[in-house]
Amino acid sequence: MATTKNNTLKLKFDSARKYAPALESKSAATIDARYDLFINGKFEKPQSKKYFSTINPATEEKLSEIADANAADVDKAVKAARAASDKYWKKMPASERGKYIFRIARMIQERARELAVIETLDGGKPIRESRDFDVPTAANHFFYYAGWTDKLAYAFPGKDPQPLGVAGQIIPWNFPLLMAAWKIAPALATGNTVVLKPAENTSLTALKLAEIIREADLPPGVVNIITGAGSTGAAIVNHPDINKIAFTGSTDVGKIIQRAIAGTNKKATLELGGKAANIIFDDAPIDQAVEGVINGIFFNQGHVCCAGSRLYVQESVYKEVVRKLKDRLETLIVGDPMDKNTDIGAINSKEQLNTINKYLKIGQKEGAEMYQANVEIPSKGFFCRPTIFTNVAQSNRIAQEEIFGPVLTIQTFRTDDEVIEKANNTPYGLSAGVWTDKGSKIFNLTTKLRAGVVWANTFNQFDPTSPFGGYKESGYGREGGLHGLAPYLNLG
Ligand code: NAI
Ligand code: MG
């Protein structure tokens with residue numbers, strides 16, 4: 001009798017983990033078979049005559065073909081941006097410029113469903129994430145910066161703010177539409193024109209944004225969106241008529257860009273990697289903290305530069321935290337990103353999955369103990385089980401280097417000073433999190449942690465009004481908020 005009851009309970013538990021599928025429909029999205037370059041207000045064939053495929057990383061199926069821009073294409077886009085700057089954008093009254101940016105924001109909202117579906121198909125992130133975070137936050141950035149357009153003189157009193165000219169912008173694959181919004185919105189609000197290149201794995205939503213910009217009737221050449229891989233990015237960086245480079249991506253490419261523009265008049269903001277510490281004190285609300293840790297590293301596959309990839313737990317609550325984390329890990333749903341139940345979608349590319357798997361091996365070799373959730377993963381596509389490493393040493397590579405996947409290292413500490421030292425002991429400094437009941441502890445840590453953003457009793461919160469950016473090898477310059485306007489202006 002008792003056995004039957006236990007079996008029934010077990011069955012119930014298993015079926016609770018396997019929710020009935022709740023698939024988002026693909027019908028909201030139209031994806032053309034081929035995309036050209038958006039230059040001077042029109043889609044144009046690349047002079048290179050070359051195209052590359054973009055795939056759905058959850059199924060490995062080809063979605064579309066994307067133009068591969070060469071240096072001649074980049075030159076054409078930069079010339080279009082320069083002409084648009086001189087002819088229209090610089091001369092236009094600021095309030096008129098603002099109207100265009102508001103229009104883009106509203107059109108993103110109108111096409112939110114389509115953009116979310118395409119983001120998920122092209123990049124592998126859960127539809128819940130694209131629908132509830134990426135797309136609305138992208139629209140919010142345009143709304144927010146549209147509001148600043150005619151108030152720049154108040155933002156920088158006595159400074160006579162003037163646009164720099166043409167901005168070259170290069171973005172990564174983890175937040176494709178949102179990064180495009182982060183880059184384009186402040187550039188337009190400050191009167192600059194743009195040449196933007198999305199990442200080669202995830203160009204589709206930027207190309208949809210190009211369609212929106214065309215429909216919004218922006219003067220031709222104000223925004224140019226060109227596609228391609230690293231060499232296209234390098235052609236933007238090295239073009240002599242670009243006034244500013246805004247880059248988000250790996251620290252390695254950030255360093256290449258820094259070297260390339262040294263000795264030129266080009267300005268730059270670089271938003272690079274991270275290895276954020278998430279710190280739990282023994283007086284923290286533990287369940288809330290555990291949920292914050294899960295949200296900080298496992299949702300969105302750990303493809304977040306500010307992901308909380310290193311957990312520091314005060315010794316007295318270590319066992320409780322690890323037990324609760326492991327329990328929670330077992331309930332995470334890994335799989336089809338188009339399913340609204342999914343917590344962890346597909347790893348963005350085969351290369352990135354290889355990188356993550358390489359670090360899983362390194363961690364085990366270094367003597368750390370690996371624990372993976374006992375969850376099913378699809379046989380096709382690029383997927384990774386959420387993974388925890390305990391018994392980690394501060395010098396281990398898994399605790400020092402950016403893995404950019406659903407992989408968490410856990411270490412312990414006893415005192416405030418010890419955890420501050422450990423948290424600061426990486427080459428990065430983008431973000432950090434502190435979980436404690438005491439305001440004084442929060443203030444002590446926020447002043448001593450060398451990170452651009454420190455969250456207290458929460459994690460991964462974003463708002464267009466808050467500045468974001470790094471210390472050390474996480475880059476320099478700030479994006480977002482009032483701070484995000486200055487890098488696009490000459491403040492005489
Ligand atoms: P990446 O830095 O190579 O790519 C980012 C962007 O830079 C892409 O648009 C790419 O086409 C472009 N790019 C590449 N080489 C360039 C060059 N020489 N000049 C100008 N532009 C260039 O990043 P990747 O290879 O996709 O990812 C590698 C690692 O970087 C990841 O494992 C992760 O650790 C980190 N990463 C960090 C991101 C962040 O948000 N901070 C985002 C993406 C990756
Ligand atoms: Mg893709």
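In listed order, ligands and their atoms are each counted from 1.
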**Request:** Tell me whether the guanidinium CZ or amine NZ of K208 lies under 6.0 angstrom from the six-membered ring centre of Y35 and within 45° of its axis.
**Result:** no
**Message:** If you count every heavy atom of other residues, nucleotides or ligands that lies below 6.0 Å from K26 atom NZ, does the total exceed 12?
**Reply:** no
**Prompt:** Does the side chain of T120 come under 3.5 Å of the side chain of S130 through a donor N or O and an acceptor N or O?
**Reply:** yes
**Message:** So if I count the atoms of ligand 1 from 1 in the order they appear, which ones are less than 4.0 Å from some heavy atom of T248?
**Reply:** 40 (O)
**Message:** What I'd like to find out is whether the side chain of Y488 reaches to under 4.5 Å of the side chain of P163, using heavy atoms alone.
**Reply:** no
**Request:** For the residue pair V434 and V454, establish whether any side-chain heavy-atom pair is separated by less than 4.5 Å.
**Result:** yes
**Prompt:** For K358, does the NZ atom have more than 12 heavy-atom neighbours from other residues, nucleotides or ligands under 6.0 Å away?
**Reply:** yes
**Request:** If you have a sec, work out which protein heavy atom is nearest atom 19 (N) of ligand 1 and how many Å separate them, to one decimal?
**Result:** A234 N, 3.5 Å
**Item:** Protein heavy-atom partner closest to atom 14 (C) of ligand 1 - residue, atom, separation in Å
**Value:** G230 CA, 3.5 Å
**Item:** Heavy atom of the protein closest to atom 39 (C) of ligand 1 (residue, atom name, distance)
**Value:** C305 CB, 3.4 Å
Pairs under 3.5 angstrom only: tabulate donor-acceptor contacts from the side chains of residues 398-406 to other protein residues two or more places apart or in another chain.
unit_1, atom_1, unit_2, atom_2, d
Q400, NE2, Q394, O, 2.9
Q400, NE2, N425, O, 2.9
E401, OE1, Y359, OH, 2.6
E401, OE1, R397, NE, 3.2
E401, OE1, R397, NH2, 3.1
E401, OE2, R397, NE, 2.8
E402, OE2, G274, N, 3.0

**Prompt:** Is there a protein heavy atom less than 4.0 Å away from atom 3 (O) of ligand 1?
**Reply:** yes
**Item:** Protein contact of atom 35 (C) of ligand 1 - nearest heavy atom, named by residue and atom, plus distance
**Value:** E402 OE1, 3.4 Å
**Contacting atoms of ligand 1, where contact means under 4.0 angstrom from a heavy atom of A229** = 11 (O)
**Fill in**
closest protein heavy atom to atom 21 (N) of ligand 1 is G233 CA, 3.6 Å
**Check: D252/S250 side-chain N/O donor and acceptor closer than 3.5 Å** = no
**Prompt:** If you measure only the distance, is there a donor-acceptor pair under 3.5 Å linking the side chains of S349 and Q352?
**Reply:** no
**Asked** Would you say K197 and ligand 1 have an N/O pair spaced under 3.5 Å apart?
**Response** yes
**Request:** Give a yes or no on whether atom 25 (O) of ligand 1 lies under 4.0 Å from any heavy atom of the protein.
**Result:** no
**From the candidates W173, F404, F247, the one that places a heavy atom nearest atom 27 (O) of ligand 1** = W173
**Asked** Heavy-atom distance to atom 30 (O) of ligand 1: which of A307, S250, A199, C306 wins?
**Response** S250
**Complete:** re atom 22 (C) of ligand 1, the protein heavy-atom contact at minimum distance is V253 CG1, 3.6 Å
**Item:** Sub-3.5 Å N/O-N/O distance, I403 and ligand 1
**Value:** no
**A423 versus Y312, closest heavy-atom pair with distance** = CA-CE1, 4.3 Å
**Fill in**
Closest heavy-atom approach to atom 11 (O) of ligand 1 among E200, Q352, Q169, K255 is made by E200
**Item:** E60 and K350: CA distance, side-chain angles, deciding distance, salt bridge (Lys or Arg N to Asp or Glu O under 4.0 Å) verdict
**Value:** CA-CA 9 Å; E60 301 176 50; K350 193 170 191 166; 5.7 Å; no
**Asked** Between the candidates I170, L272, I256, which shows the shortest non-hydrogen contact distance to atom 18 (N) of ligand 1?
**Response** I256
**Which segment of N201 sits under 4.0 Å of ligand 1 when only heavy atoms are counted** = neither
**Prompt:** What protein heavy atom sits nearest atom 8 (C) of ligand 1, and how far away is it?
**Reply:** I171 O, 3.5 Å
**Message:** Are W148 and L482 packed together at the side-chain level, in the sense that at least one heavy-atom pair is separated by less than 4.5 angstrom?
**Reply:** yes
**Asked** Which residue owns the protein heavy atom closest to atom 42 (C) of ligand 1, what's the atom, and how far is it?
**Response** P172 CB, 3.3 Å
